[in-house]
Amino acid sequence: MLLNKEQIIDRFKGIFINSTDKKFILNLQDYIVSHNIMSIVNYKTVTKSPNKFLELYQDEELIAIMFKFIEGIEHINPRILKIADCFNVAEINKYKYFVPEVFDVKKLHIFKNVYPKLNNNKQFSFLLSVEDIAMLSRYGVIRVDANFQRQSRLIRNEITNTIMRQIQCNPGRVETIANLLADNKYYFDEIRFNLMDEEDSVLSYNSEDNTLYWEGDCVIPDGNHRRLACEKAYFDHPELKEMFRNQKFSVSFTYLTTDELKRMIEQIWDIEPIRKQQKSAMKTNNSNKIIDSILRSNNADDILKNGIVNTGIEIRAYQGFIIKSILAEAIEDSYNIDDTVLAKNKQIELSEWITEFYNYIIELWVDDLSDLKTVRKNTWKSSAYLPFGLMLLSKEVRGKQNWKEITKSIIEKIDWDKSAAILKHDQVPKSQYSTKDKKVMLDFFKEVMKNGII
């Protein structure tokens, strides 16, 4: 009597979960890899976490994977499992030449658009999409270690009578974040990964193409709930995959030993009280509402909407040219709007004007802003501090009938070549922006506008 689908899957998982025959596992690995069924990295994922691996496949593809593995198992030791135990003649003919599209886990060990924080190959920054994090989590490529988690507790193992640390996870919090991701309402922050600096770890950074390749034990000292939420949202909503590919978290990636990682975590936890006091600064304010209106506007140029990003990391990765928080402060400063209630019609008027103004700037610079890598290399038109100057200019020309001619005249008076940049250092702040650089930008534009007789 043939095994049914559920029995085949149970037998398959049991082979890896219960097997103590390391020689058989290695021989099966040689068969699977040599027959191009999957890579050695993918095979190790199967042996490490068969449940998670199998969850990635459905219907025909899942059965095909089973078939190919059982062929190998029968070839090595037919006493364990045979094709004839699981499939009839018609199914054998159907799946024998079926080539499953197996996801290459090795791709998850390569991060692109990576930038070092220091020159010691120990700290890096880059962006990962919700899809990337979901796949890293589902394949078991990244993991959580209770010893490095803020939300963990000591418990007694009743069987061994030993004390152990257990991770505390709030399912409700995971659900909330997953729903926000699916609704495209989540405000993205930073997740921390650490590749454990151990004997068998591999880390290679190519500074020419900003690519990071790694192998080893990668843990998440900060971001477990978000990691689980990414996985849940991505696999619960397959219809939203395209959106999840464009939702991105900043990642701080470190390569530290256990002791170094603990010291880093201690440093983060020590400053947490300060961070909590800063929550009052994160309230929805007038300038952020205006920017949100711009991002939702059908009149805003796509270059503008796609160019407004949350972090300097995205600017350095050529994924935008305006940092949202800096634009918000520039609007607040230039238009004297504080946290008092701004009438809805005034808010709409201002968002429409700033949209129209920035659309015109983009019209003047369309070739440059269509190629952010080149523009940042050759000019200072993507300076993170430029919104302070442009918003000051927009305030001065607002309401003037010939505002476009004035704006163009002012813009053309400025030498935008990189060598003439008024801020000689990197134009992208790595964390908090410099008030000194803000003042330099404002003073420069005031002088240009004065000479331009506005």
Side-chain angles (χ1 to χ4, degrees), residues 113-119 125-127 207-210 250 291 301 303-304 306-334 354 357-397 404 406-454:
N113 293 322
V114 177
Y115 296 88
K117 292 184 177 180
L118 297 172
N119 294 322
S125 294
F126 50 91
L127 301 175
S207 59
E208 292 186 1
D209 61 4
N210 304 116
S250 298
I291 296 173
D301 192 291
I303 291 177
L304 173 60
N306 294 330
I308 299 174
V309 294
N310 291 321
T311 67
I313 294 174
E314 292 162 282
I315 300 286
R316 290 191 290 276
Y318 313 116
Q319 295 178 356
F321 59 95
I322 302 169
I323 296 177
K324 184 177 180 181
S325 60
I326 288 182
L327 177 58
E329 181 154 344
I331 293 171
E332 188 171 317
D333 288 352
S334 294
I354 292 173
F357 178 83
Y358 250 116
N359 280 350
Y360 183 62
I361 295 296
I362 289 167
E363 181 182 325
L364 297 176
W365 292 347
V366 64
D367 291 337
D368 288 327
L369 297 180
S370 298
D371 184 358
L372 293 178
K373 188 170 185 177
T374 301
V375 73
R376 185 160 177 249
K377 180 180 178 181
N378 298 328
T379 81
W380 57 283
K381 291 177 180 177
S382 62
S383 165
Y385 295 91
L386 188 55
F388 289 117
L390 289 179
M391 286 299 95
L392 186 64
L393 175 58
S394 74
K395 171 67 164 56
E396 293 300 320
V397 301
K404 285 188 177 181
I406 298 172
T407 299
K408 185 177 180 181
S409 174
I410 295 295
I411 293 297
E412 289 179 346
K413 287 180 182 292
I414 298 172
D415 185 351
W416 295 101
D417 190 85
K418 187 80 168 182
S419 62
I422 60 171
L423 297 173
K424 301 301 182 184
H425 55 80
D426 184 6
Q427 305 293 317
V428 183
K430 294 183 178 179
S431 54
Q432 182 67 25
Y433 73 86
S434 164
T435 54
K436 179 181 177 182
D437 291 338
K438 169 185 173 180
K439 184 177 185 304
V440 170
M441 184 66 72
L442 287 171
D443 289 345
F444 173 82
F445 265 80
K446 287 175 183 177
E447 187 64 26
V448 173
M449 289 188 292
K450 179 181 177 182
N451 294 331
I453 316 176
I454 291 187

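Starting from 1, each residue takes its place in the sequence as its number. What you see is a predicted model; the values in this text were computed from it and never measured. The figures here come from the full heavy-atom set of this structure, side chains too, leaving out hydrogens, waters and symmetry mates.
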Discussion item. Run the ring pair (Phe, Tyr, Trp, His ring centres under 6.0 Å) test against Tyr115 and tell me which residues pass, sequence neighbours left out.
Written reply: none
Practice prompt. With sequence neighbours left out, write down each residue that passes ring pair (Phe, Tyr, Trp, His ring centres under 6.0 Å) with Phe444, or none if nothing qualifies.
Written response: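 Here the qualifying residues are Trp380.
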Taking all non-hydrogen atoms of both residues into account, name the closest pair between [X] and [Y] and its distance.
| X | Y | result |
| --- | --- | --- |
| Lys117 | Ser125 | CE-OG, 2.7 Å |
| Ala384 | Pro387 | O-CD, 3.3 Å |
| Val309 | Gly320 | CG1-CA, 3.9 Å |
| Lys438 | Tyr385 | N-CD2, 4.0 Å |

Sequence-distant partners of [X], side-chain contact (heavy atoms from CB on, under 4.5 Å), two or more places apart:
| X | result |
| --- | --- |
| Lys408 | Tyr360, Leu364, Glu412 |
| Asn359 | Asp301, Leu304, Thr355 |
| Lys373 | Tyr318, Asp371 |
| Asp209 | Asn206, Thr211 |

Could you grab the distance from atom [atom1] of [X] to atom [atom2] of [Y], nearest 0.5 Å is fine?
| X | Y | atom1 | atom2 | value |
| --- | --- | --- | --- | --- |
| Met391 | Leu393 | CE | CG | 8.5 Å |
| Ile308 | Ser325 | CD1 | OG | 11.5 Å |
| Asp367 | Thr374 | CG | OG1 | 11.0 Å |
| Met441 | Ile326 | CE | CD1 | 9.5 Å |
| Ile361 | Ile303 | CD1 | CD1 | 13.0 Å |
| Thr407 | Glu396 | OG1 | CD | 11.0 Å |

Could you list the residues that satisfy side-chain hydrogen bond (donor to acceptor under 3.5 Å, both in side chains) with [X], not counting sequence neighbours?
| X | value |
| --- | --- |
| Lys395 | none |
| Ser207 | none |
| Asp368 | Lys381 |
| Asp415 | none |

Worksheet item: After noting the C-alpha distance and the side-chain angles of Leu386 and Ile322, does the key distance pass the side chain to side chain contact (heavy atoms under 4.5 Å, CB included) rule?
Response: CA-CA 8 Å; Leu386 188 55; Ile322 302 169; over 6 Å; no
Worksheet item: Which residue pairs pass the salt bridge (charged side-chain N to carboxylate O under 4.0 Å, His left out) test when at least one of the two sits in residues 385-394, sequence neighbours left out?
Response: none
Could you check if a side-chain atom of [X] sits within less than 4.5 angstrom of a side-chain atom of [Y], using non-hydrogen atoms only?
| X | Y | value |
| --- | --- | --- |
| Phe357 | Val397 | yes |
| Leu392 | Met449 | yes |
| Phe126 | Asn210 | no |

Worksheet item: So among Ile410, Leu327, Ile411, which one has a side-chain contact (heavy atoms from CB on, under 4.5 Å) with Leu390?
Response: Ile411
Discussion item. Checking Lys404 now: which residues fulfil salt bridge (Lys or Arg N to Asp or Glu O under 4.0 Å) with it, not counting sequence neighbours?
Written reply: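 Counting only residues at least two positions away or on another chain, Lys404 forms no salt bridge (Lys or Arg N to Asp or Glu O under 4.0 Å).
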Fill in: CA sep, side-chain torsions, deciding dist, call: Glu329, Phe388, side chain to side chain contact (heavy atoms under 4.5 Å, CB included)
CA-CA 8 Å; Glu329 181 154 344; Phe388 289 117; 4.0 Å; yes
